[in-house]
Asks: 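Structure incoming, see below.
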Amino acid sequence: LTSLSWRRMKANDRERTRMHNLNCALDALRDILPALPEDAKLTKIETLRFARNYIWALTETLRMDAQHHSDGASASPSALDSASPAGCVYDSCDRLHTYTGDDGTSCTVW
DNA sequence: TAGGCCATCTGGTCCT
DNA sequence: AGGACCAGATGGCCTA
């Protein structure tokens with residue numbers, strides 16, 4: 001074995017480990033995402049999109065809850081109730097652009 | 001069989 | 001110099 005190929009083998013091994021760690025992190029993320037059927041494993045890109053959408057929905061829920069408390073109005077439906085990716089529109093870089101809730105109201109993320 | 005997803009290898013670049 | 005990170009290439013597996 002030349003020293004070059006030995007270094008390459010070591011680098012390949014590190015890269016493999018790094019990608020395994022990345023996949024472990026993705027699995028951990030899948031574990032905390034809600035309302036998924038047991039046998040429906042999200043792909044990597046779906047996991048990232050859903051996580052982003054879920055974070056957005058949590059943020060919206062907090063915002064609406066704070067608004068509800070300040071207005072004294074009746075409780076509005078939680079954004080989490082419609083947190084599925086179905087209502088989302090993404091741009092060419094997979095960034096969430098617009099979200100449309102069940103009530104037909106839409107929200108542009110930025 | 002085509003297309004999607006994934007793991008792995010590889011070379012380049014950046015950081016310590 | 002060596003390790004971490006990244007993106008492109010490649011081949012295998014699975015499904016419609």
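Throughout, a chain's letter reflects where its sequence line sits, starting with A, and its residues are numbered from 1.
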Asks: Taking CG from A:N12 and C1' from C:dC6, how many angstroms apart are they, rounded to a whole number?
Replies: 15 Å
Asks: Are A:R52 and A:I55 close enough, and set up right, to give a side-chain contact (heavy atoms from CB on, under 4.5 Å), and what steps lead you there?
Replies: CA-CA 5 Å; A:R52 179 183 52 196; A:I55 291 168; 5.8 Å; no
Asks: How many whole angstroms separate atom CD of A:E46 from atom P of B:dC5?
Replies: 7 Å
Asks: Return the nearest nucleotide to the side chain of A:T43; candidates are B:dC9, B:dC5, B:dT8.
Replies: B:dC5
Asks: Roughly how many Å is it from NZ in A:K41 to C1' in C:dT15, rounded to a whole number?
Replies: 16 Å
Asks: Are A:L48 and A:I32 connected in the hydrophobic side-chain network, where two residues link if heavy atoms are under 4.5 Å apart?
Replies: yes
Asks: Picking from B:dT8, B:dT10, B:dC6, which would you name as closest to the side chain of A:E15?
Replies: B:dT10
Asks: Any donor-acceptor pair under 3.5 Å between the side chain of A:R7 and the base of C:dG2?
Replies: no
Asks: Whole angstroms only, please: what is the CG-C1' distance between A:N23 and C:dC5?
Replies: 15 Å
Asks: Without decimals, in angstroms, what is the distance between A:L42 CG and B:dC6 P?
Replies: 10 Å
Asks: Can you check the A:D13 CG to C:dG3 P distance for me, whole Å?
Replies: 11 Å
Asks: Does the side chain of A:R8 get closer than 4.0 angstrom to OP1 or OP2 of B:dC9 through an N or O atom?
Replies: no
Asks: For a side-chain hydrogen bond (donor to acceptor under 3.5 Å, both in side chains) with A:N12, tell me which candidate from A:R14, A:K10, A:R8, A:R16 qualifies.
Replies: A:R8
Asks: Taking A:L62 as the starting point, is it possible to reach A:W56 by hopping between hydrophobic residues whose side chains are less than 4.5 Å apart?
Replies: no
Asks: Between atom CZ in A:R14 and atom C1' in B:dT16, what is the gap in whole Å?
Replies: 14 Å
Asks: Take the protein atom CZ of A:R18 and the nucleotide atom P of B:dC14, then report the distance between them rounded to whole Å.
Replies: 16 Å
Asks: Report the nucleotide, chosen from B:dT8, C:dG3, B:dC6, that has the shortest atom-to-atom distance to any side-chain atom of A:K44.
Replies: B:dC6
